[in-house]
Amino acid sequence: MPTGVCFAILVSVPVDMVIAWVLVPQGSLVDGGMTTAILFGRSGAAVGLLMVANAVSSRMKSEAAKKSTLGERLSAFRTAAIIAFAMREGVAIIGLVLTLLSGNLNWCLGFGALAMFSMLLGWPRRSEMEGLTSDPAAAPIV
């Protein structure tokens, strides 16, 4: 169901890494380098985004299970999965931006790997989708 879109988002992360790998040898976009506080501040924002993505995913999937019709439940579940994956992809994009600004490829590689790991952990499961086919009051998704 949403796995095709989730797969496309997952595949975009290595593409970001390749872009960074190609562009980094050409130098950073910021002369004189960036301060450590800015780099680590953005890193904190990326980690926070992962936590928010997981919370949003759980909340939206729980709300999806409460919908009255099967079509509404599946549609809401699909939306929850796509939004959560897009937020997780944002972590990889933050890494790409930090790499382009600092000239250090490790930012993109680290945050890209973290985003992909989070996506794999949050992959839509068949059991979640099957739970949506039953009565919404009887099988809420946690």
Side-chain angles (χ1 to χ4, degrees), residues 1-30 33-142:
M1 181 165 133
T3 55
V5 174
C6 292
F7 181 75
I9 294 172
L10 177 71
V11 169
S12 74
V13 175
V15 171
D16 291 345
M17 292 176 178
V18 170
I19 290 169
W21 180 71
V22 169
L23 294 178
V24 164
Q26 297 174 23
S28 67
L29 297 177
V30 178
M34 296 176 61
T35 65
T36 304
I38 293 172
L39 291 172
F40 286 103
R42 293 297 103 205
S43 299
V47 172
L49 184 57
L50 278 182
M51 292 190 292
V52 169
N54 290 333
V56 165
S57 176
S58 295
R59 172 75 179 190
M60 289 182 75
K61 286 178 180 178
S62 177
E63 291 298 317
K66 296 175 185 175
K67 300 288 184 186
S68 60
T69 67
L70 176 61
E72 290 174 336
R73 290 192 299 268
L74 292 175
S75 178
F77 180 85
R78 179 179 58 243
T79 300
I82 292 170
I83 288 173
F85 267 65
M87 292 175 76
R88 291 174 178 124
E89 182 187 23
V91 173
I93 292 170
I94 290 172
L96 175 62
V97 169
L98 291 176
T99 291
L100 295 176
L101 291 174
S102 69
N104 184 346
L105 188 60
N106 291 331
W107 291 107
C108 186
L109 296 177
F111 283 120
L114 184 61
M116 290 174 66
F117 181 71
S118 176
M119 287 178 191
L120 292 174
L121 287 178
W123 197 263
R125 291 176 180 75
R126 177 182 283 290
S127 61
E128 290 177 312
M129 289 181 262
E130 288 173 351
L132 294 172
T133 62
S134 64
D135 180 31
I141 295 176
V142 182

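Keep in mind that what you see is a predicted model, and the values were worked out from it rather than measured.
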Can you tell me how far apart [atom1] ([X]) and [atom2] ([Y]) are? Round to the nearest 0.5 Å.
{"X": "Leu100", "Y": "Leu96", "atom1": "CG", "atom2": "CG", "result": "4.5 Å"}
{"X": "Asp16", "Y": "Glu89", "atom1": "CG", "atom2": "CD", "result": "6.5 Å"}
{"X": "Met60", "Y": "Ile82", "atom1": "CE", "atom2": "CD1", "result": "9.5 Å"}
{"X": "Ser62", "Y": "Phe77", "atom1": "OG", "atom2": "CZ", "result": "12.0 Å"}
{"X": "Arg88", "Y": "Leu120", "atom1": "CZ", "atom2": "CG", "result": "10.0 Å"}
{"X": "Ile93", "Y": "Thr99", "atom1": "CD1", "atom2": "OG1", "result": "12.5 Å"}

**Message:** Among residues at least two apart in sequence or on other chains, which ones pass side-chain contact (heavy atoms from CB on, under 4.5 Å) with Val15?
**Reply:**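 Counting only residues at least two positions away or on another chain, Val15 forms a side-chain contact (heavy atoms from CB on, under 4.5 Å) with Ile19.
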In the structure I gave you, are the side-chain heavy atoms of [X] and [Y] within less than 4.5 Å of one another anywhere?
{"X": "Met116", "Y": "Pro14", "value": "yes"}
{"X": "Phe85", "Y": "Pro124", "value": "yes"}
{"X": "Leu101", "Y": "Arg42", "value": "no"}

**Request:** Using modelled atom types only, decide if a donor and an acceptor are shared between the side chain of Ser102 and the backbone of Leu98 within a distance under 3.5 Å.
**Result:**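 Side chain of Ser102 to backbone of Leu98, a donor-acceptor pair under 3.5 Å: yes, one is there.
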At their closest point, which heavy atom of [X] faces which heavy atom of [Y], and how far apart are they?
{"X": "Ala113", "Y": "Met17", "result": "N-CE, 3.3 Å"}
{"X": "Ala92", "Y": "Gly112", "result": "CB-CA, 4.1 Å"}
{"X": "Ser57", "Y": "Ala84", "result": "CB-CB, 3.6 Å"}
{"X": "Gly103", "Y": "Val24", "result": "O-CG1, 3.1 Å"}

**Sequence-distant partners of Thr79, side-chain hydrogen bond (donor to acceptor under 3.5 Å, both in side chains), two or more places apart** =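 Scan of Thr79 (side-chain hydrogen bond (donor to acceptor under 3.5 Å, both in side chains), adjacent residues dropped) gives none.
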**Request:** Under the side-chain hydrogen bond (donor to acceptor under 3.5 Å, both in side chains) rule, collect the residues that match up with Glu72, sequence neighbours excluded.
**Result:** Ser68, Thr69
**Message:** Name the residue from Val91, Asn54, Leu49 that meets the side-chain contact (heavy atoms from CB on, under 4.5 Å) definition with Ser118.
**Reply:**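 Single side-chain contact (heavy atoms from CB on, under 4.5 Å) partner of Ser118 among Val91, Asn54, Leu49: Asn54.
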**Prompt:** Within a reach of under 6.0 Å around CZ of Arg125, are more than 12 heavy atoms found that belong to other residues, nucleotides or ligands?
**Reply:**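 Yes, because the 6.0 Å sphere around CZ of Arg125 holds more than 12 heavy atoms from other groups.
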**Asked** Going through the checks in order, is the ring pair (Phe, Tyr, Trp, His ring centres under 6.0 Å) test met by Trp123 and Phe7?
**Response** CA-CA 9 Å; Trp123 197 263; Phe7 181 75; 7.0 Å; no
